[in-house]
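Here's the structure, in structure tokens; my notes come after.
We use all heavy atoms of the structure for the numbers below, so side chains are in, but hydrogens, waters and symmetry mates are not.
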Amino acid sequence: QVQLVESGGGLVQAGGSLRLSCAASGRTFSRYALGWFRQAPGKEREFVAAITRTGSSTDYADSVKGRFTISRDNAKNTVFLQMNSLKPEDTAVYYCAADNYGLGSPIERDYDYWGQGTQVTVSS
């Protein structure tokens, strides 16, 4: 089992940047693919980005391509989401999740473990 704790959220103006981190417990961090999802008020949770076990492959939602970058440091049991050129529509609670099968899926139900989330608010 793995526990995930997100950090780095906050309030930022449109056009600004934030870097989210997700620290994981356990010795098997490198076995998991990792993903970031987000949920805006009144909306369903949606896929943002994913990265495979070794970091060799990544995937992004169309809405964040070219602006967000997912990366991981297996030595530090941490996954990151660098968010640039933020827009008000990026406002949401951001969750990291771990996929035991290591596929880096964009599908929420494929993930086995979830963090508690961190709030990102982008003002216009």
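Here the straight-line distance linking atom CD of E44 with atom CD of E46 works out to 10.0 Å at 0.5 Å rounding. The distance from the OG1 atom of T118 to the CG atom of L81 is 11.0 Å, given to the nearest 0.5 Å. Considering CG of L4 and OG of S21, their distance stands at 12.5 Å, rounded to 0.5 Å. Atom CD in Q116 sits 10.0 Å away from atom SG in C96 (nearest 0.5 Å). Here the straight-line distance linking atom CG of L18 with atom CZ of F68 works out to 9.0 Å at 0.5 Å rounding.
With 3.5 Å as the limit, one finds a donor-acceptor pair spanning the side chains of S17 and N84.
Hydrophobic clustering (ILVMFWY, side-chain heavy atoms < 4.5 Å, transitive): V12 and V64 are in one cluster.
Using a 4.5 Å heavy-atom threshold, the side chains of Y113 and V2 count as touching.
In this structure, R45 is positioned above the aromatic face of Y95, its NZ or CZ under 6.0 Å from the six-membered ring centre and within 45° of the axis.
Heavy atoms only, all atoms of each residue included: I70 and L34 are closest at CD1-O, 3.9 Å. The two residues A33 and Y111 come nearest to each other via the heavy atoms O-CE2, 4.4 Å. In terms of heavy atoms, D90 sits closest to S85 at OD2-O, 4.4 Å. When every heavy atom of F29 is checked against every heavy atom of R72, the shortest pair comes out as O-NH2, 3.1 Å.
Checking side-chain atoms of S30 against main-chain N and O of T28 turns up no donor-acceptor pair under 3.5 Å. Between the side chain of T52 and the backbone N or O of S57 there is at least one donor-acceptor pair closer than 3.5 Å. At distances below 3.5 Å, not a single donor-acceptor pair connects side-chain atoms of Q39 with backbone N or O atoms of A92.
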Run the numbers on D110 and S105 for side chain to side chain donor-acceptor pair (under 3.5 Å), then give the verdict. CA-CA 7 Å; D110 287 342; S105 168; 2.6 Å; yes

Could you go step by step and tell me if Q119 and Y94 meet the side chain to side chain contact (heavy atoms under 4.5 Å, CB included) rule? CA-CA 6 Å; Q119 176 70 47; Y94 283 72; over 6 Å; no

Criterion side chain to side chain contact (heavy atoms under 4.5 Å, CB included) on V48 and Y60, from CA distance to verdict: CA-CA 6 Å; V48 176; Y60 296 93; 6.0 Å; no

Side chain to side chain contact (heavy atoms under 4.5 Å, CB included) between C22 and F80, intermediate numbers included: CA-CA 6 Å; C22 176; F80 304 98; over 6 Å; no

CA sep, side-chain torsions, deciding dist, call: S63, R38, side chain to side chain contact (heavy atoms under 4.5 Å, CB included): CA-CA 12 Å; S63 59; R38 66 186 182 187; 3.5 Å; yes

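For R31, the CZ atom is loosely surrounded, since the number of other residues' heavy atoms within 6.0 Å does not exceed 12.
Ring geometry for F47 against F37 counts as perpendicular: the plane angle is over 60°, on a 0 to 90° scale with 30° as the lower cut.
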